[in-house]
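Everything numeric here is computed off the predicted structure, so don't read it as measured data. Hydrogens, waters and symmetry mates are skipped; everything else that's a heavy atom, side chains included, is used.
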Amino acid sequence: MKPRFNIWPLIITFFLVVTFQNLVTTNATMKRVSYDEFMGLLDNKEITEVVLGETTMKGITSVPEGETPQIYVTNRVEEDAVKLLKPYNVKFRKEVENTFFRDILSWVIPPLIFVFIWIYFLKKMAQKGGGGPGGSLMSVGKSKAKVYVEKNTGKTFKDVAGVDEAKRELEEIVDFLKDKEKYGRLGGRMPKGILLVGSPGTGKTLLAKAVAGEAGVPFFSISGSEFVEMFVGVGAARVRDLFNQARKSSPCIIFIDELDALGKSRGSSNMYGGNDEKEQTLNQLLTEMDGFETKEGIILLGATNRPEILDPALLRAGRFDRQVLVDRPDKSGRLEILKVHIQRVKYKKDLDLKQIASLTTGFTGADLENLVNEAALVATRKDKEYVEVEDFTQATERIVAGLEKTNRLLNDFERKVVAHHEMGHAIMGMALKSVDEVHKISIIPRGMGALGYTIQRPSEDRFLMRKEELEAKICVLMGGRVAEKIIFNHLSTGASDDLAKATDIARSMVTKYGMVKQLGHVSLERTQQQFLGPDGMKTHEYSEATAKEIDEAVKLIVENAYQRTLSILTNNKKLLENSAADLLKRETLEGDDLNAIRESIIL
Ligand code: ADP
Ligand code: ZN
């Protein structure tokens with residue numbers, strides 16, 4: 001690649017210059033003669049053709065075919081002067097202008113023009129970022145993806161509020177970077193890569209910088225989205241560059257923002273003919289990750305909003321094998337974040353931040369920072385000395401309107417529905433003994449599609465599931481929809497994911513595990529896993545009649561679960577309402593709050 005880019009313009013320029021000069025110098029076969037000599041040649045009939053120019057006259061001799069004719073050139077003379085001078089029989093000629101400078105210019109200017117054109121093209125190519133791996137003359141420092149380096153980020157954990165759990169998990173990294181010798185003393189191994197998972201604006205970048213700041217190490221960062229649309233090879237070179245630079249200044253942090261833009265599952269992006277650039281860049285990243293030892297003191301932090309679409313290769317052991325959740329803050333988290341950002345503005349000492357925190361459900365850290373800023377602007381417009389609560393409420397309204405437009409916030413009714421829906425799951429989870437324990441309930445939207453969530457954790461590792469357990473699982477999944485039905489007497493779309501999961505379980509009970517009497521202990525569906533990878537291909541060998549029976553059996557299982565759930569939740573309607581109201585107010589419930597609910601369930 002490299003030599004071609006450099007040499008072609010040069011060769012073209014050379015030929016153009018030579019051709020041009022040939023044109024100019026065809027004069028060589030011409031002979032300048034004086035006017036009277038020219039007239040003499042005419043008289044002798046040597047010249048058979050005359051070409052009249054602006055200031056000259058050319059006479060062309062006749063020669064046999066194939067030979068070049070001689071051309072005589074003379075300056076044109078006004079007819080009057082000739083008539084006037086002829087009788088005196090003197091030699092006469094017109095003064096020849098000095099064309100020396102003109103000739104020089106005709107030699108010098110064209111090459112100059114070409115040189116300029118050549119330089120222009122060179123520059124153009126360099127801007128496009130051509131050139132191969134390692135970066136040629138033209139591509140150095142010209143690519144869009146930049147490695148940003150900060151010797152000292154100046155951020156500490158104090159700047160990050162409301163994400164205590166994430167901070168706790170990252171503290172270990174800070175200790176390691178501060179004193180890596182001590183850390184490896186007992187043979188413990190640090191993870192190479194940690195993935196920060198959370199919605200935009202929840203403070204992932206800030207956290208990464210704070211880790212670097214706390215440990216006092218340099219912070220290298222690069223964004224996955226900048227690799228898109230780059231020439232093949234450049235992204236990979238950039239990644240290599242990044243790691244080389246980082247190695248030289250270890251211990252340090254490498255932060256890759258928007259990892260999903262770069263690390264999308266390779267299968268999916270390949271569907272339309274593939275994307276070599278992304279693939280090469282991703283491969284380079286994987287190679288580099290495998291190529292360094294944590295001992296070197298480099299810790300990789302990645303950020304993404306959608307871990308589920310990442311290439312599984314990225315998440316394998318020894319790569320980004322640890323995930324840290326950076327959630328949207330709940331009410332107390334928002335209060336902490338407000339306390340951080342309020343320092344930047346002048347405010348009344350009695351400003352009720354708690355009230356502001358309760359007005360801003362669903363806000364991220366970035367939204368809250370924006371809110372403080374807006375409130376200060378509102379107060380300034382009113383010529384106030386301090387920012388007051390009413391400035392915040394006014395600013396909140398404006399920001400909420402914006403967020404609602406982009407579908408990032410729920411309205412009050414939706415929040416109420418979500419609270420009852422999640423509480424329905426939770427009560428069912430606590431009422432039925434044979435399911436995983438309920439750990440946390442939240443109505444803060446997480447990720448795409450989930451409006452709220454209930455986290456259940458198994459109390460022990462399970463390899464076998466009994467029929468009763470599967471049925472209980474389906475009941476828990478039904479809990480959301482049933483609660484909505486009892487309280488609001490409606491069916492909503494919020495339960496679609498739950499229904500899909502419940503149906504899947506019921507179907508497997510019928511076709512895979514042979515748990516239904518009518519159909520017998522028969523496996524009706526098998527997954528051919530050996531050859532076709534993890535998803536395999538479903539095959540079935542049964543008649544239309546059996547298919548109908550299966551559908552009916554599945555429906556029956558789900559229907560039974562629905563009725564059972566309905567009866568349990570109806571018995572606990574008061575509890576459902578009270579605890580949903582509590583959840584609505586506090587946004588997340590865990591630990592003791594859950595125990596209280598568990599104890600008041602009527603069976
Ligand atoms: P992300 O990388 O998750 O998209 P950022 O780290 O870029 O989010 O956050 C943008 C800004 O929002 C930060 O610079 C900070 O001012 C503010 N912010 C976000 N989360 C927090 C938090 N937990 N505590 C304090 N400020 C926060
Ligand atoms: Zn649900």
Side-chain angles (χ1 to χ4, degrees), residues 153-168 170 196-211 213 257 303 305 324-382 384 386-412 414-415 418 442-447 451-452 584-588:
T153 61
K155 300 275 185 227
T156 66
F157 278 150
K158 277 209 202 81
D159 298 305
V160 200
V163 282
D164 296 337
E165 219 169 303
K167 267 199 257 182
R168 218 170 304 129
L170 292 170
L196 304 174
V197 179
S199 312
T202 46
K204 297 182 292 298
T205 313
L206 187 62
L207 257 175
K209 284 188 179 178
V211 171
D257 205 358
N305 183 25
V324 171
L325 206 62
V326 190
D327 259 336
R328 275 169 203 263
D330 59 7
K331 196 189 277 180
S332 63
R334 292 199 296 276
L335 181 63
E336 296 305 311
I337 295 174
L338 281 169
K339 280 183 191 159
V340 170
H341 290 290
I342 199 76
Q343 306 304 331
R344 250 176 273 159
V345 300
K346 277 191 180 173
Y347 62 99
K348 270 239 179 71
K349 285 288 160 281
D350 61 353
L351 184 66
D352 188 1
L353 287 178
K354 262 197 192 137
Q355 191 191 338
I356 300 164
S358 57
L359 284 173
T360 48
T361 311
F363 277 40
T364 63
D367 295 332
L368 290 170
E369 184 190 15
N370 186 14
L371 172 70
V372 171
N373 194 37
E374 283 284 326
L377 290 179
V378 170
T380 315
R381 233 170 279 142
K382 292 184 188 156
K384 287 191 193 171
Y386 301 102
V387 188
E388 292 176 291
V389 167
E390 60 201 61
D391 305 318
F392 274 96
T393 40
Q394 206 174 323
T396 309
E397 277 158 26
R398 197 182 306 154
I399 292 177
V400 165
L403 295 178
E404 266 172 1
K405 231 182 251 159
T406 54
N407 265 334
R408 281 177 47 204
L409 286 190
L410 303 175
N411 64 32
D412 284 348
E414 286 168 330
R415 266 171 28 88
V418 172
S442 170
I443 54 166
I444 294 170
R446 168 192 278 184
L451 303 175
L584 206 52
K585 212 161 48 196
R586 312 248 304 276
E587 295 173 3
T588 53

Quick check: do [X] and [Y] have side-chain heavy atoms less than 4.5 Å from each other?
| X | Y | result |
| --- | --- | --- |
| Arg381 | Leu377 | yes |
| Glu165 | Asp327 | no |
| Thr360 | Phe392 | no |

Side-chain donor-acceptor contacts of residues 154-163 below 3.5 Å, not counting sequence neighbours, with atom names and distances?
| residue | atom | partner | partner atom | Å |
| --- | --- | --- | --- | --- |
| Thr156 | OG1 | Lys158 | N | 3.2 |
| Asp159 | OD2 | Thr156 | N | 2.9 |

Closest contact, heavy atoms only, [X] versus [Y]:
| X | Y | answer |
| --- | --- | --- |
| Ala395 | Ala375 | CB-N, 3.7 Å |
| Ala357 | Leu335 | CB-N, 4.0 Å |
| Thr202 | Gly198 | OG1-C, 3.9 Å |
| Leu584 | Arg415 | CD1-O, 3.5 Å |
| Ala379 | Asp391 | CB-OD2, 3.4 Å |

Using modelled atom types only, decide if a donor and an acceptor are shared between the side chain of Glu397 and the backbone of Gln394 within a distance under 3.5 Å.
->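 Not at all, since once roles are kept as given, no pair shorter than 3.5 Å links the two residues.
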Could you tell me whether the side chain of Asp367 and the main chain of Thr364 form a donor-acceptor pair under 3.5 Å?
->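 Yes, because the side chain of Asp367 sits within donor-acceptor range (under 3.5 Å) of the backbone of Thr364.
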Whether over 12 other heavy atoms sit under 6.0 Å from Lys585 NZ =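 Counting other residues, nucleotides and ligands, NZ of Lys585 stays at 12 neighbours or fewer.
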Say you draw a straight line from [atom1] of [X] to [atom2] of [Y]; how long is it, rounded to the nearest 0.5 Å?
| X | Y | atom1 | atom2 | result |
| --- | --- | --- | --- | --- |
| Leu196 | Thr205 | CG | OG1 | 8.5 Å |
| Thr588 | Asp330 | OG1 | CG | 4.0 Å |
| Lys331 | Glu587 | NZ | CD | 6.5 Å |

Please test Ile337 against Phe363 for side-chain contact (heavy atoms from CB on, under 4.5 Å), starting from the C-alpha separation and ending with a verdict.
-> CA-CA 11 Å; Ile337 295 174; Phe363 277 40; over 6 Å; no
Donor-acceptor pairs are to be reported for all side-chain atoms of residues 346-355 against protein atoms at under 3.5 Å, with residues two or more places apart or in another chain.
| residue | atom | partner | partner atom | Å |
| --- | --- | --- | --- | --- |
| Lys348 | NZ | Glu388 | OE2 | 3.2 |
| Asp352 | OD1 | Lys354 | N | 3.2 |
| Asp352 | OD1 | Gln355 | N | 3.4 |

Using the side-chain contact (heavy atoms from CB on, under 4.5 Å) rule, pick out the option among Leu359, Thr361, Ile356 that qualifies with Arg334.
->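 Going through the options one by one, the only one that passes is Thr361.
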